[in-house]
Amino acid sequence: MDAKKQNELCRQACMIRKVLLETIHNAGSGHIGGSMSIAEILSVLYFNRMNVDPKDPDKIDRDRLVLSKGHCSPAMYATLALKGFFPMEHLKTFRKIDSDLSGHVEIHVPGVDMSAGSLGQGLSVALGMAMFAKAKGYGNNVYAIMGDGEIQEGQIWEAAMAAGFYHVNNLIAFVDNNGLQLDGRLSEVMDPNPIDEKFRAFGWNAVVVDGHDVAAIDDALEQAYQCKDKPTAIVCRTIKGKGVSVFEDQVRFHGGQPTDEEWKTAFAEIEAQLAKWEA
Amino acid sequence: MGENISTRVAYGKALAKYGENENIYVFDADLKKCTMTEYFEERFPERFFNIGIAEANMVDIGAGFATCGATALVHTFAIFAAGRVYDQVRNSVCYPNLNVKVVGSHAGLTVGEDGATHQALEDISLMRTLPNMTVIVPCDSYETEMAVKAMLEQKGPCYLRTGRPNLECVTDTFDGYHFEIGKGAQLVDGSDVTIIACGLMVQEALKAVDLLKAEGISARMIDLHTIKPIDREIIVKAAKETGAIVTAEEHNVYGGLGSAVAEVVVKECLVPMEFVGVEDTFGHSGAPFDLLKHFGLTAENIALKAKKAIARK
């Protein structure tokens with residue numbers, strides 16, 4: 001990836017963070033930590049790799065994405081708005097009674113391919129989409145984004161087994177390995193590591209990358225496309241709350257809300273980063 | 001004449017018969033020889049997937065297919081379809097309103113010797129409380145075939161309940177019988193009481209009509225194969241014209257057909273009601289028809305309850 005493209009994807013990731021924080025701030029609730037940690041993944045997918053068209057969101061042979069960790073809807077909605085699926089203004093209705101932008105991702109929102117919220121189901125859904133694409137010969141790819149806490153759900157491994165068994169090579173699953181879940185550190189609650197080895201044992205191609213390095217994510221995707229007989233798991237080492245010093249690696253920002261002072265710090269830091277990428 | 005076979009076998013045959021549409025995909029969880037999806041697999045192997053013993057994964061794979069425009073049919077025993085994967089059916093099928101048909105076989109007591117862990121007596125209740133869900137309980141081979149045809153023509157989530165034992169085919173012997181989702185079929189007219197049944201209790205209800213007739217009681221009999229959306233019109237008409245209702249189902253008396261009918265009766269035309277079903281207990285092992293007898297799911301008990309309802313007018 002050339003430096004210009006890399007800079008652009010970093011800028012988009014920063015924009016996703018800025019917009020998702022504004023969205024949560026405006027709503028007064030929402031999941032900050034896990035939304036911030038997947039900004040680079042979404043930037044690379046939506047601004048470099050995925051074949052999606054905001055003008056034709058229902059195109060049958062489009063690439064699809066299931067945000068299995070559906071509580072990170074602010075990141076998804078921010079990305080879709082930036083991509084042009086709906087007006088930025090619409091984000092102000094997030095979590096409000098008359099809005100389609102629910103607390104968890106919802107299929108009826110333009111650009112969202114599946115509702116999610118009850119953890120552990122999205123990989124199976126993405127697998128179904130990928131199997132359908134193969135059955136019909138559409139040639140599209142299907143992506144899933146899971147949390148590392150989420151993979152404690154047994155259904156993830158049912159899906160992993162079936163995807164390996166059926167050689168569903170157009171299925172690419174990201175694990176947002178930020179190391180924190182609602183009750184604390186994964187290492188203290190229920191440790192799913194080593195994650196990549198588990199996927200390999202189920203017949204997957206698996207790679208571990210720095211989940212905040214857009215070039216590394218993009219390279220891992222290229223590897224996934226080259227793999228013709230296996231699904232690919234991309235385990236992204238990330239930092240929950242990435243991008244704002246006071247949010248980073250803090251359990252309380254899984255779903256908790258910052259103080260006014262912390263919000264001020266957050267927006268100042270994000271603006272500074274944005275200025276750097278735009279320079 | 002329809003065959004005297006189980007509704008699950010009738011289902012398997014009908015699915016293979018009406019499954020030509022290339023957007024229909026069928027999934028099973030290691031029970032294709034029981035749910036009878038193997039008939040479909042024989043005819044359309046490229047549109048059949050065995051997911052193994054992983055029902056949650058199966059339902060959500062089906063949901064994934066449906067988001068792409070497919071009609072996905074997922075199959076397992078009723079106990080697992082409605083219970084084990086309730087959350088998947090709720091959140092990944094009904095909430096996004098996807099075209100996934102959940103087919104639960106071996107429902108009720110008549111799975112028999114396998115015993116209580118396999119006897120779904122609450123599935124109608126669980127499935128009918130889900131918004132967007134259609135719930136169908138056919139009673140014999142002919143009605144099952146008609147239900148499959150109609151279900152495949154309709155978009156959206158559907159729960160279809162089938163059973164294990166061979167049953168007499170009765171619906172095709174009635175003049176003017178016509179299957180339509182959401183419309184009950186009045187099989188016998190009568191004026192003193194109405195018996196409303198679904199599944200294999202339809203056959204028992206028809207016998208009860210004869211038992212009552214011998215005692216000079218004129219009973220109306222309605223086969224209410226669709227529990228949701230419920231046919232309010234046929235229930236209200238029966239309540240008004242006969243003044244008493246008995247429901248009969250192979251299910252807990254709480255939450256199923258009886259409750260669904262009572263919800264209409266209480267609101268729209270209050271008449272005495274009696275309920276035949278399993279009285280809020282688990283089943284146990286035994287021969288299917290011995291179990292029905294043991295739990296009072298018989299023509300004799302329906303007739304008894306009918307007289308009770310009439311007495312309360």
Trainee: Does B:Arg84, at its CZ atom, have more than 12 non-hydrogen atoms belonging to other residues, nucleotides or ligands within less than 6.0 Å?
Mentor: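 Not buried by this count: 12 neighbours or fewer within 6.0 Å.
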Trainee: So does B:Glu22 have more than 12 non-hydrogen atoms from other groups sitting under 6.0 Å from CD?
Mentor: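 Counting neighbours around CD of B:Glu22, 12 or fewer heavy atoms of other residues, nucleotides or ligands fall under 6.0 Å, so no.
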Trainee: Please output the residues of residues 43-60 of chain A in contact with chain B, using a heavy-atom cutoff of under 4.5 Å, in numerical order.
Mentor: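 Those residues of residues 43-60 of chain A which have a heavy atom under 4.5 Å from chain B are A:Ile60.
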Trainee: Which residues in residues 70-79 of chain B have any heavy atom closer than 4.5 Å to a heavy atom of chain A?
Mentor: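 Within residues 70-79 of chain B, the residues under 4.5 Å from chain A are B:Ala70.
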Trainee: When you look at OH of A:Tyr225, are more than 12 heavy atoms from neighbouring residues, nucleotides or ligands closer to it than 6.0 Å?
Mentor: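 Counting other residues, nucleotides and ligands, OH of A:Tyr225 exceeds 12 neighbours.
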Trainee: Of the backbone (N, CA, C, O) and the side chain (C-beta and beyond), which part of B:Glu46 lies under 4.5 Å from a heavy atom of chain A, both, or neither?
Mentor: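 No part of B:Glu46 comes within 4.5 Å of chain A.
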Trainee: Counting heavy-atom pairs under 4.5 Å to chain B, which of A:Ala130, A:Ser118, A:Ala162, A:Ala133 comes out on top?
Mentor: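 Heavy-atom pairs under 4.5 Å are most numerous for A:Ser118.
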Trainee: Counting N and O atoms only, with roles assigned by atom type, does the side chain of B:Asn132 sit under 3.5 Å from a partner on the main chain of B:Cys94, one being a donor and the other an acceptor?
Mentor: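 Side chain of B:Asn132 to backbone of B:Cys94, a donor-acceptor pair under 3.5 Å: yes, one is there.
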Trainee: Between A:Ala159 and chain B, which part of the residue has a heavy atom less than 4.5 Å away: side chain, backbone, both or neither?
Mentor: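 For A:Ala159, heavy atoms of backbone and side chain both lie under 4.5 Å from chain B.
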Trainee: Should the ring pair B:Phe65 and B:Phe27 be called parallel, tilted or perpendicular, given that the plane angle runs from 0 to 90° and is split at 30 and 60?
Mentor: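 Perpendicular.
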Trainee: Under 3.5 Å, is there a donor-acceptor pair linking the side chains of A:Asn169 and A:Lys134?
Mentor: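 Side-chain D/A pair, A:Asn169 to A:Lys134: present.
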Trainee: With chain A as the partner, which of B:Gly62, B:Cys68, B:Ala63 has the greatest number of non-hydrogen pairs under 4.5 Å?
Mentor: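 Highest number of pairs under 4.5 Å: B:Cys68.
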Trainee: Against chain B, label A:Arg64 side chain, backbone, both or neither, depending on which of its atoms sit under 4.5 Å from a heavy atom there.
Mentor: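 Only the side chain of A:Arg64 comes within 4.5 Å of chain B.
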Trainee: Which bit of A:Tyr166 comes within less than 4.5 Å of chain B, counting heavy atoms only: side chain, backbone, both or neither?
Mentor: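 Interface part for A:Tyr166: side chain.
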Trainee: Tell me, for A:Met114 versus chain B, whether the close heavy atoms (under 4.5 Å) come from the side chain, the backbone, both or neither.
Mentor: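 Looking at A:Met114, just its side chain touches chain B.
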Trainee: Let me know if B:Phe49 has heavy atoms under 4.5 Å from chain A in its side chain, its backbone, both or neither.
Mentor: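 Contact with chain A: backbone and side chain both.
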Trainee: Does some side-chain heavy atom of B:Tyr86 sit less than 4.5 Å from a side-chain heavy atom of B:Leu130?
Mentor: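 Side chain of B:Leu130 against side chain of B:Tyr86, heavy atoms only: contact under 4.5 Å found.
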Trainee: Between A:His254 and A:His71, what is the ring plane arrangement, given parallel below 30°, perpendicular above 60°, and tilted in between?
Mentor: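 Taking A:His71 first and then A:His254, their aromatic rings sit tilted (interplane angle of 30° to 60°).
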Trainee: Using the six-membered ring wherever Trp is involved, compare the ring planes of A:Phe94 and A:Tyr77 and label them parallel, tilted or perpendicular (cut-offs 30° and 60°).
Mentor: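 A:Phe94 vs A:Tyr77 ring planes: perpendicular.
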Trainee: Between the side chain of B:Thr226 and the main-chain N/O of B:Gly182, is any donor-acceptor distance below 3.5 Å?
Mentor: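 Side chain of B:Thr226 to backbone of B:Gly182, a donor-acceptor pair under 3.5 Å: yes, one is there.
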Trainee: Just by distance, no angles: are the side chains of B:Asp280 and B:Asn252 close enough, under 3.5 Å, to form a donor-acceptor pair?
Mentor: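 The criterion, which ignores hydrogens and geometry beyond distance, is satisfied for B:Asn252 and B:Asp280.
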Trainee: Is the number of heavy atoms from other residues, nucleotides or ligands within 6.0 Å of CZ (B:Arg90) greater than 12?
Mentor: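 At most 12 heavy atoms, drawn from other residues, nucleotides or ligands, come within 6.0 Å of this atom.
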Trainee: List the steps, then state whether salt bridge (Lys or Arg N to Asp or Glu O under 4.0 Å) holds for B:Arg128 with B:Glu263.
Mentor: CA-CA 13 Å; B:Arg128 84 179 180 92; B:Glu263 286 158 16; 2.7 Å; yes
